[in-house]
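A quick note: this is a predicted structure, and the numbers were derived from the prediction, not measured. Computed over heavy atoms, backbone and side chain alike; hydrogens, waters and symmetry mates excluded.
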Amino acid sequence: MRIRLNEDKEIVKIIREGLIAKDGYCPCRVGKKPEYKCMCAEFREQIADPNFEGLCHCKLFYKEK
């Protein structure tokens with residue numbers, strides 16, 4: 001398993017700026033819930049599945065098989 005940043009540098013820049021503005025919470029979600037703290041609970045659950053390959057909700061991270 002390998003997790004890497006999205007190859008689109010512009011998306012990474014925008015999401016990182018959003019994370020800074022929201023104190024580390026996903027900028028793509030409304031509110032500041034513990035499960036929205038980056039790396040969000042949804043993506044942590046997805047990467048626990050050995051068959052999952054893809055982007056997190058905000059497209060910052062990509063999990064390769």
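Every side chain to side chain contact (heavy atoms under 4.5 Å, CB included) that Asn51 has, sequence neighbours left out, goes to Asp49. The side chain to side chain contact (heavy atoms under 4.5 Å, CB included) test applied to Asn6 returns Asp8, Ile11, Val12, Leu55, Lys59, not counting sequence neighbours. With sequence neighbours left out, the side chain to side chain contact (heavy atoms under 4.5 Å, CB included) criterion links Lys37 to Tyr25. Considering only residues two or more places apart in sequence or on other chains, Lys13 meets the salt bridge (Lys or Arg N to Asp or Glu O under 4.0 Å) condition with Glu17. For the salt bridge (Lys or Arg N to Asp or Glu O under 4.0 Å) test, no residue two or more places apart in sequence or in another chain qualifies with Glu45. Partners of Glu64 under the side chain to side chain contact (heavy atoms under 4.5 Å, CB included) rule, at least two apart in sequence or in another chain, are Arg2, Arg4, Glu53, Tyr62.
Between the SG atom in Cys56 and the CZ atom in Arg44 there is a gap of 12.0 Å [rounded to 0.5 Å].
Using a 4.5 Å heavy-atom cutoff, the side chains of Cys26 and Cys38 are not in contact.
Distance alone, capped at 3.5 Å, is enough to place a donor-acceptor pair between the Lys63 side chain and the Phe52 backbone.
Ile14 and Phe61 fall into different hydrophobic clusters, where Ile, Leu, Val, Met, Phe, Trp and Tyr residues are linked whenever their side-chain heavy atoms come under 4.5 Å apart, directly or through other members.
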Would you be so kind as to tabulate the donor-acceptor pairs closer than 3.5 Å made by side chains of residues 27-36, with sequence neighbours excluded?
residue, atom, partner, partner atom, Å
Arg29, NH2, Glu42, OE1, 2.2
Lys32, NZ, Asp23, OD2, 3.1

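Around atom CZ of Arg16, no more than 12 heavy atoms belonging to other residues, nucleotides or ligands sit under 6.0 Å away.
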